[in-house]
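In what follows, every heavy atom counts, from backbone to side chain, and hydrogens, waters and symmetry copies are set aside. Both ligands and their constituent atoms are indexed starting at 1 by order of listing.
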Amino acid sequence: MGRTVRRTRARPGDPAVKLIPTAVSGAMGVEVDAHADERGLFARTFCAEAFGAHGLATQFVQCNTSHNRLRGTLRGMHYQAAPKEEAKLVRATRGRAFDVAIDLRPASISYLQWAAVELDSERRNAFYIPPGCAHGFLTLTDECELFYMMSESHAPDLARGVRWDDPAFAIDWPFPPLVMSERDAMYEDYKGASS
Ligand SMILES: Cc1cn([C@H]2C[C@H](O)[C@@H](COP(=O)(O)OP(=O)(O)O[C@H]3O[C@H](C)C(=O)[C@H](O)[C@H]3O)O2)c(=O)[nH]c1=O
């Protein structure tokens, strides 16, 4: 018989996910409710029932991982055009990243606003980004890895982007990026939803 494990915290009911609104309508921070004991911890990271109750996507069809060797790596700001706009659920599985969503939905109350969540692999938190928003991140540590769940399949012909330092959004990054692709550096200024 193995060692009997005592729960350090008596917790009734299921481990819940906690959804936290941001400045972008429908974009949510996702905090976990960790059940810790002497072995370590257990936490639920996604719940279709909780997401559905808040009008978030509940079906994810592809998952991606993004490994970034250096602190200060910026990827983004990317999105897919209609009809394959995608929701993303993004979490850090190693290190920390400043994760950003930009609202590109003209009918949205938060059109052109941005919101950021610091993703931390130790906190096991996540950022839910709704369809119609651009997404990107700046790594805050070396060897930073992000795991994405996507509500739509990859459609290269519908891939679009806006620039990380576009004055239309004025994102307040924690520090200037040190590494980024040429494509990400060269997006033209945003000219509105038709662009
Ligand atoms: C996005 C994607 C890419 N790819 C292929 C295409 C390229 O051959 C290679 C790298 O793609 P890319 O340079 O577009 O990767 P990132 O610059 O990290 O883009 C991603 O970073 C930002 C922050 C995002 O939110 C998106 O998830 C995604 O656009 O993976 C795929 O095969 N499937 C995919 O879903």
Side-chain angles (χ1 to χ4, degrees), residues 22-30 45-46 51 56-105 108 110 112-121 125-166 168-188 190 193 195:
T22 70
V24 169
S25 175
M28 297 277 193
V30 183
T45 57
F46 164 69
F51 275 49
L56 309 186
T58 59
Q59 303 286 327
F60 293 91
V61 297
Q62 287 185 340
C63 296
N64 302 321
T65 190
S66 173
H67 175 252
N68 301 272
R69 288 188 300 107
L70 297 177
R71 175 181 181 274
T73 301
L74 183 134
R75 296 185 189 238
M77 311 302 289
H78 303 160
Y79 64 100
Q80 282 190 175
K84 298 202 79 173
E85 301 100 321
E86 58 204 338
K88 299 173 186 171
L89 182 60
V90 190
R91 69 184 59 257
T93 49
R94 186 170 174 183
R96 289 181 297 113
F98 183 81
D99 206 48
V100 177
I102 305 172
D103 194 340
L104 299 180
R105 302 165 294 184
S108 167
S110 53
L112 302 185
Q113 291 187 40
W114 62 274
V117 169
E118 181 173 319
L119 299 177
D120 182 339
S121 59
N125 65 324
F127 193 10
Y128 174 86
I129 293 129
C133 291
H135 169 249
F137 60 84
L138 180 69
T139 60
L140 302 177
T141 57
D142 291 341
E143 302 301 338
C144 177
E145 187 132 359
L146 300 189
F147 178 77
Y148 302 62
M149 295 164 65
M150 321 287 282
S151 68
E152 273 292 348
S153 52
H154 180 49
D157 55 326
L158 295 174
R160 304 287 187 273
V162 292
R163 207 176 60 252
W164 68 280
D165 63 348
D166 191 320
F169 316 116
I171 298 168
D172 185 15
W173 299 96
F175 53 84
L178 304 171
V179 178
M180 84 174 77
S181 67
E182 190 173 329
R183 173 197 62 177
D184 287 351
M186 302 293 283
Y187 287 119
E188 293 183 2
Y190 182 68
S195 63

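Among residues two or more places apart in sequence or in another chain, the side-chain hydrogen bond (donor to acceptor under 3.5 Å, both in side chains) test is passed with Ser110 by Asp103, Ser108. Scanning for side-chain hydrogen bond (donor to acceptor under 3.5 Å, both in side chains) contacts around Glu182 gives an empty result, with sequence neighbours left out.
Note: His135 and Tyr148 have perpendicular aromatic rings, judged against thresholds of 30 and 60 degrees for the angle between ring planes.
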Please tabulate, one line per pair, the protein nitrogen or oxygen atoms found under 3.5 angstrom from a nitrogen or oxygen of ligand 1, with distances to 0.1 Å, or say none if there are no such pairs.
unit_1: ligand 1; atom_1: 14 (O); unit_2: Arg183; atom_2: NH1; d: 3.2
unit_1: ligand 1; atom_1: 14 (O); unit_2: Arg183; atom_2: NH2; d: 3.3
unit_1: ligand 1; atom_1: 17 (O); unit_2: Arg183; atom_2: NH2; d: 2.9
unit_1: ligand 1; atom_1: 18 (O); unit_2: Arg75; atom_2: NH1; d: 2.9
unit_1: ligand 1; atom_1: 19 (O); unit_2: His78; atom_2: ND1; d: 3.2
unit_1: ligand 1; atom_1: 21 (O); unit_2: His78; atom_2: ND1; d: 3.4
unit_1: ligand 1; atom_1: 25 (O); unit_2: Lys88; atom_2: NZ; d: 2.8
unit_1: ligand 1; atom_1: 25 (O); unit_2: His135; atom_2: ND1; d: 2.7
unit_1: ligand 1; atom_1: 29 (O); unit_2: His78; atom_2: ND1; d: 2.7
unit_1: ligand 1; atom_1: 35 (O); unit_2: His154; atom_2: ND1; d: 3.4

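Counted by atom type alone, Ser66 and Asn68 present one or more donor-acceptor pairs between their side chains at under 3.5 Å.
More than 12 heavy-atom neighbours from other residues, nucleotides or ligands sit within 6.0 angstrom of CZ on Arg183.
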Please set out all donor-acceptor pairs under 3.5 angstrom arising from side-chain atoms of residues 138-146, sequence neighbours excluded.
unit_1: Thr139; atom_1: OG1; unit_2: Leu70; atom_2: O; d: 2.8
unit_1: Thr139; atom_1: OG1; unit_2: Gly72; atom_2: N; d: 3.0
unit_1: Thr139; atom_1: OG1; unit_2: Thr73; atom_2: N; d: 2.9
unit_1: Thr141; atom_1: OG1; unit_2: Arg96; atom_2: N; d: 3.1
unit_1: Asp142; atom_1: OD1; unit_2: Arg71; atom_2: N; d: 2.7
unit_1: Glu143; atom_1: OE1; unit_2: His67; atom_2: NE2; d: 2.6
unit_1: Glu145; atom_1: OE2; unit_2: Thr65; atom_2: OG1; d: 2.7

